[in-house]
Each structure stands twice: as structure tokens, then as C-alpha cells.
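What follows is a short report on a single structure.
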Amino acid sequence: MINNFNNYGSDFINNINNNNYNNNNNKFNLEDESIPNLRRSCCIVRVSGIDQSNGTNPNLQSIRSRSFSYSSNGKIIFSCSGFIIDLEKGLIITSPTIFLPFINQQQNDNKRNINNNNNNQITESNITKNTKISIENILSLINIDVILESDIINIRNNLKENNNNSYDYGDEKVYDPVNSWRSCKFKDYLGCSQNTLNTLNQLKNHFILSNQTTGFESSFGLIVLEINDKSSLIINQQEQQQYQRQQQQQQQQHQQQRINSSVIIGNSIDVKSGNSVYVVGSPFGFISPTMFLNSISNGIVCNCIQSSSASSSSLSPSIGNIGSSLFLVDARSLPGNEGSGVFNRDGLLIGFIAPPIRSKNDKLPFTLSPVLPIHSFLPRIESQLSIYPKYRLSNGLSVTCFDPIQQSVNSCQNSIVLVQFKNSWGSGVLISECGYILTNAHLIIPSIPLIQQHIQQQQQQQQHSTQTKQTKSQHNNQQPQPFPIELYKDKKVDLRISSNSIINNKYNNQSSLHQSSTSSFIWCKGTIEYISHTHLDIALIKIDQHDLSLLLTDNNNNNNNNNNNNNNNNNNNNNNNNQKRQELIKFHHVVCNPILNPKYGESVFVLGYPLIPPTQNPPISVTKGIISNIVYVDNCAVSYQTTASVHSGNSGGGLFDLKGNFLGIVTCNAKQKNGLIITELNFSIPATSLIHFFHYANGTDDMGLNLMRSTSTNKFLKALWKLQITPPPLSNTNNNGSNNNNNNNNNNNNNNNNNNNISTSTSPIAGKKYSEFLTKINQQQLLQDKNNKIQSKL
């Protein structure tokens, strides 16, 4: 349990200042030497045994779909990744997922019965005890092997003398499927911490966790293996000394060069959303270690999830807080990556890849990879296993390397809010200091039946006009009309804002529904000011200042009043409340900069609240990508396409560049024909298309909202956002000609839902068939060529 950190983690704390690796002179440089060093500290782990999948062990069938496996001649092989925690002792840490398939169903049921009889509470201690016993019972039936980086490098043949009479290690990989594998023995198993277990129990209600039906808890621990033959783990001492002498003057950091090396533990407690990470693992590894051994992928930390039962008290004066119980990262993770080491920008280990988490809806993929923080295991690794890894932590336990994404996330995250309306939830962006918020209309429209009826009536009228072949002027009169304000003026939206979103907040120390290590979250009400009726998928919401003021002052009074003088202070408090309620609460917000012109390939990140429902108090999520495409109309950007991973709940969130500049509102994903969402193909409304909302919200244009209400649907943009073949945009110019640049905006809010999807089906109204489109283009080209010939003759 993480609470044991104070009792058993003394060596961890003492080593912070005493360890040799706390020297900044030895800092890794990822561009130069860190990547080879990381690869030398990681490995493939393989477990083989009798295939019991023919009805005797249904556990094999469920896990085979998640872990990489191969079955032949009555035997089955599973592989995953691992890393070296102690090179001299030959100790390796890996994932339990490749061991659990061999534990038969009866053992799992017995383990469940023992846990259920223990006050119906599954704890870290009984998970560790029961899983360890179960694995020990199958050791005689399985074989355990590993491959290290050195095992597929012919060291002596590749130690070549160059023209300077110095030696270089070649990287010519030679894999021997028989002799390259090193046999190992099982040493111990550790279950996840109690805080991580609490988090997993919350997530399992909404997602599918690894082997959930037979006890997912065991999958989220770690296995310690010991290599049987440790004789060749380090380069021959004579060769090593010769190599050191020759390289001493040129590259002093190579004095301790080894083919294999132990990982160095970094500060996983202080990891924040937006931090860059590297994953070193071996997906599909045992089939071809030459191809897959210790492959590198990179990404960022998207979520830092804390258990709802986590205490806010610090573990020790030097540590500060308990840290997160689970990370979510967007680095690539494939079957066989379980157990892969996850490293920060300094090349230091902060965690390892856990079994994958899947959505219960197959159409909504969960593409983020769960990571178990190393700090949740370190106290027990030291106290129970007597393993003392190397550390390199800064004195202040702060990030030792400047991380531009994380710095920008810190400056932008207070402008992002969680929006919930009945059964739908998504994200929103604060755009003014008085509390105006932009979000997507499709989060709200499906939950208001009167608006749904209004939309259906307009669609029927539009279809009727098409069937009766009305004139163009008559057809224009059938354009979608603004939603009457009476349909939504009395509706309230639930908003969750950060206490840090409030400028000069006097109530940051108050209790609230959820509190993290840096800020608390406050739930308040919001009023719906506008819902778009056009191609623009936007709704404008305003924070209810009176409601929020009541929450802040009431909570503040509850915290400040003592039980002994509550009655005496009631009158004074009421007077103070009346004064404070008259004060306008101001908020941090994004700024719309119309001169920003993001380019193709520019790095961006998305902030929002995807995947985890509001009832679980989700942390803010960040994903990184690039702008992959931009659609322009009249030299004005009307759509950004990005590669950042976007999931359900990201709708209405913010798109930012690496400097923290606001670029737009995340709106939707594309989806395949079978309905499967493509998370890395998504679209955002550019900020320049929203400028009228910014002017109105900030008091610079009182008529800005009325202008948006009078805007007509642009058929080209409506079809564009539905991924339909459409005529050129100039043939469907906006009726508000003078406002063309600002009103040729985005997205059809009809037929949308709270899963951020857009339809790819064709429509006889908004789009045309591809064949018809090509025919028209060819005819136009022939006519243009004919006219050119006539002009040339004249």
C-alpha cells in the first residue's frame, strides 16, 4: 500500500540526496545517448506451457485476445515486455498477464472465495498472497525465458577497430532462436497498491479491464524474475577497461559503458499531464526479436488519475503528496507491450505499461495506454524483496527538464470546464472573464425534446419543398430558422470548474466535491444563451454568477465558522454574503487571436474531459498531435483536422498550439462505415470562425449574438462536415455576403450525438453522388477548354 511509503520507503527517501545518479553532470540527453541506454535496460519475457484452451481453461481464451500469444503442437506461448531492475543480481520486472492464463479457473474461483470471505473486501495484501500462491503452483508446468539487448548482438564479432585505433560496438543484430533466450525463475509477485486498486474498482464500472471476469486485480501487479545464468550480463572486464581508457578523453560519460544496464528510477510522484514520455517494449516480440526487441514509442501523459479515497495529506516532508494511482498515455502500445518501461524526458523510469483498458462500446475505442506509477511499488520492492534500485531525483522533486507541452497545459487548463446536461457530458472553454463558455450544440440538443421536434418539422418542410420543386427564392425561405429562445431559456447546465479558474479566488481553501493536489473542482449551474441552428455546432453557456456566489460564500462560511459561535455570527455572515454576492466573479479565459495562422504539420494539443464520466471526478486530459489538414473558404480557415487522440467527452474542448495559444473548439471524429470511431482523425472549429462569440462575451459587440442568430446554413460547409461530395464553395455563397469570412463556419448539429461522431452517409439535399460530381467537373473542364480555343482564334 502506498501508505507504507513512510514506514518502508526510508531507503528511497535517503537515496534521493545520496545516490550517485543525482548528479546533473550525468543527465541523459535523449537525442544522443539516452535511447541506447534505455534499450539496454529492457527485454522480452516469454512464458510457454501446455495449451489448456480446449474447454478446460476459458481464462486462456479471454486473455489471448489481449496478450500476444502463439499456439502450436499442444503448447501455447505468451510474451510481453520487461526491464532490468538490478543487473548484478539479474532481476527483471515484468507484467503478470502472461502468467495468469495458466492459472486454471478453479484457482481463480478459490481466490475469489477467500477474498469474499474476508469481509467482502479485496485488498492489496490478499491479492498479492493469493496470486503468488497460484503462480507458484504452475511453475512446474511452464518455462520462463528472456532476451536482453546483448543477446541478439554478436559482441566480439562487432567490436571493430576503426581508423583512430578505438573500438565501436556495432549494432548488427544476430538472433539465435535456440541460444539467445536466457532461462529465468520466478522470484516474487507484488499486487498493485490499495489506491490503484480503488481507482480500478471505479473504472471497471465503465470500462473492461484485463481479464475482468476472473479477477482483473492480479493483472495490475508486477512479477520479479531472476536470470539463472548471470555470467555474461556485463561485458568482459578486460574489454570494458580497454574500452573505457580509449573513450575517456572524448566521452567521459561512457566510463561505465555496458551492453546491459539497470533502469534508473525517476520521480513518478510529480508527473503531470502533458509530460513527455518514452515507452520501450517488444510488441509481438518472441516471433522476431530482431524486428521488435525494445522498440521505442513516444507520447505524453494524458491523465493523472488519483483514487477518490486518496488522502490529501503528504507522505513525507520531502515527497509532498501521494501522487497519482494511474497514468494514461498516448504513446503507442501494442499486444506484448505489457510490462514495458515508461521513461520521462531524462530517461528515468516512472512506471510500466499495464494491461489494456477497453471501452464497453466497441464503436468507441479506448486508445490510451494505462501506466502503473513506479512509486506505488517501490516501498514494497525495498521492504519485502530487499531490492534497492538506483535513483536520480532532483532535490525539490520537480521536473528536471523543461517540458514545453506541460508548461502550456498549466497555463491553459484553467480555461477548460466539464459540461454535463442530463445524460450527456463533454467539455467547454471559458471565453470571457464574466463566465461565458463555448461548447458543442450536439451535447445539448438531443436532450431537449422540443428542439428535436423543431428540427424534424424543418426537415420535413425542406423535403417537401424539394419534392414540389419550389423556386430558388421559395426554397431559400425554407432555410433552418433559429431555435426559439423559449425552447431552452429555462434549461440549466451543470458545470464543473477549477477553483484556479477564478481570478483572485478567496475560497481556494474551501472543501468541495473533489480536490486534487493543486486545485479543487466546483460544481455550479449555467444558463444556455444560444444554440446554433446552422452548420456551426456551437452552444453558448454562461455561468450562473448568483448560484456560484452562493456556493462559494456558503462553503467559505462553513469552513470558517466554529461550532461554538455559529448562532452568534449568523447575522454578520448574512450581511457579508449580501455584499459578496454583489461582487462579479471573474474567470481566467482563452483569447481569440485572429492573426494566428497555424500551418500544416504544426504541433498541437487538445484539452478536455473524455472517457471518464463526471461521477468519477475525472482529471483533465491532454493529447498531442499535429494539424494534418486545413480547409479554407475565401482565405479563411473553416476546419482544422488533427491527429491528436480524441475520445467521447472531448467535444467542446480546446485546441491549442505549443505556446498555449487557443486555436479552436474540438467538435467531432470521423467514423468508419461500420460505425467504429477513428480517434486520431478529428476536426475542430477554428477560433477565427468564433470571433463574434468572443466579441459578444467580452462586451465589445452587443449585436454579435444576434448576428449569429440571423446566420443561414451554408450548404457547402454543412456537407463538408458530413464528409460528403459537394459543389465548389463559391456556388453556395453565404447569404450574409459581408460576413462571409466569419460566418462560413462549421459542422451540422443535426443527427449528432454525445459520442462525438459524424455521419459519412450521403444525402440528396446536402451532398451529391461522387459519380455525378466527377461528371459535372469534367463537363465544366470541357466547356472551359472550348472557350479557351474560341478566344485563341479571336
Legend entry - Whether Phe694 and Phe662 hold their rings parallel, tilted or perpendicular, with breakpoints at 30° and 60°: tilted
Inset, instruction - Tell me, please, which residues at least two apart from Tyr488 pass ring-ring contact (aromatic ring centres under 6.0 Å, His included). - result: none
What I want to check is whether the side chains of [X] and [Y] have a donor and an acceptor closer together than 3.5 Å.
{"X": "Ser628", "Y": "Gln641", "value": "yes"}
{"X": "His588", "Y": "Asn414", "value": "no"}
{"X": "Ser621", "Y": "Asn303", "value": "yes"}
{"X": "Thr527", "Y": "Glu529", "value": "yes"}
{"X": "Asp537", "Y": "Thr667", "value": "no"}

Taking the side chain from [X] and the backbone from [Y], do they hold a donor-acceptor pair closer than 3.5 Å?
{"X": "Gln453", "Y": "Leu450", "result": "no"}
{"X": "His647", "Y": "Thr367", "result": "yes"}
{"X": "Ser408", "Y": "Leu658", "result": "yes"}
{"X": "Asp701", "Y": "Met703", "result": "yes"}
{"X": "Asn635", "Y": "Tyr632", "result": "no"}
{"X": "Trp425", "Y": "Leu443", "result": "no"}
{"X": "Ser324", "Y": "Gln306", "result": "no"}

Is [Y] close to [X] at the side-chain level, that is, under 4.5 Å between some pair of heavy atoms?
{"X": "Phe587", "Y": "Ile502", "result": "yes"}
{"X": "Ile630", "Y": "Ser639", "result": "no"}
{"X": "Asn593", "Y": "Asn661", "result": "no"}
{"X": "Ser549", "Y": "Ile585", "result": "yes"}
{"X": "Pro686", "Y": "Leu663", "result": "no"}
{"X": "Ile541", "Y": "Leu495", "result": "yes"}
{"X": "Arg709", "Y": "Ile485", "result": "yes"}
{"X": "Phe421", "Y": "Lys491", "result": "yes"}

Inset, instruction - Please check if atom NZ in Lys659 has more than 12 non-hydrogen atoms from other residues, nucleotides or ligands closer than 6.0 Å. - result: no
What closest approach, in Å, do [X] and [Y] show between heavy atoms, and which atom pair accounts for it?
{"X": "Pro618", "Y": "Pro613", "result": "CD-O, 3.4 Å"}
{"X": "Ile416", "Y": "Ile620", "result": "CB-CD1, 3.8 Å"}
{"X": "Ala697", "Y": "Cys434", "result": "O-SG, 3.5 Å"}
{"X": "Pro619", "Y": "Ile612", "result": "CD-CD1, 4.4 Å"}
{"X": "Ile538", "Y": "Ala441", "result": "O-CB, 3.6 Å"}
{"X": "Leu611", "Y": "Phe207", "result": "O-CZ, 3.3 Å"}

What distance separates [X] [atom1] from [Y] [atom2], expressed to the nearest 0.5 Å?
{"X": "Ser273", "Y": "Asn410", "atom1": "OG", "atom2": "CG", "answer": "9.0 Å"}
{"X": "His692", "Y": "Leu536", "atom1": "NE2", "atom2": "CG", "answer": "10.5 Å"}
{"X": "Leu430", "Y": "His589", "atom1": "CG", "atom2": "NE2", "answer": "8.5 Å"}
{"X": "His442", "Y": "Ser447", "atom1": "NE2", "atom2": "OG", "answer": "11.0 Å"}
{"X": "Ile357", "Y": "Leu328", "atom1": "CD1", "atom2": "CG", "answer": "6.0 Å"}
{"X": "Gln420", "Y": "Thr615", "atom1": "CD", "atom2": "OG1", "answer": "8.0 Å"}

Inset, instruction - Measure from the ring center of Tyr436 to the ring center of Phe693 and say whether it is less than 6.0 Å. - result: no
Legend entry - Pair Lys492-Asp544, salt bridge (charged side-chain N to carboxylate O under 4.0 Å, His left out): steps then yes or no: CA-CA 9 Å; Lys492 294 291 185 178; Asp544 189 329; 3.3 Å; yes
Legend entry - side chain to side chain contact (heavy atoms under 4.5 Å, CB included) evaluation trace for Leu655 with Ile665: CA-CA 6 Å; Leu655 178 70; Ile665 296 288; over 6 Å; no
Legend entry - Stepwise side chain to side chain donor-acceptor pair (under 3.5 Å) test for Thr623 and Asp330: CA-CA 7 Å; Thr623 54; Asp330 62 1; 5.5 Å; no
Inset, instruction - Under the side chain to side chain donor-acceptor pair (under 3.5 Å) rule, what do Ser520 and Ser499 come out as? Steps first, then yes or no, please. - result: CA-CA 5 Å; Ser520 59; Ser499 61; 3.1 Å; yes
Inset, instruction - With Arg358 as the cation and Phe366 as the aromatic partner, state whether NZ or CZ is under 6.0 Å from the six-membered ring centre and within 45° of the axis. - result: no
Legend entry - side chain to side chain contact (heavy atoms under 4.5 Å, CB included) evaluation trace for Val329 with Leu368: CA-CA 6 Å; Val329 302; Leu368 303 182; over 6 Å; no
Inset, instruction - Verify side chain to side chain contact (heavy atoms under 4.5 Å, CB included) between Ile531 and Ile445, making sure each step is shown before the conclusion. - result: CA-CA 8 Å; Ile531 301 176; Ile445 289 178; 3.7 Å; yes
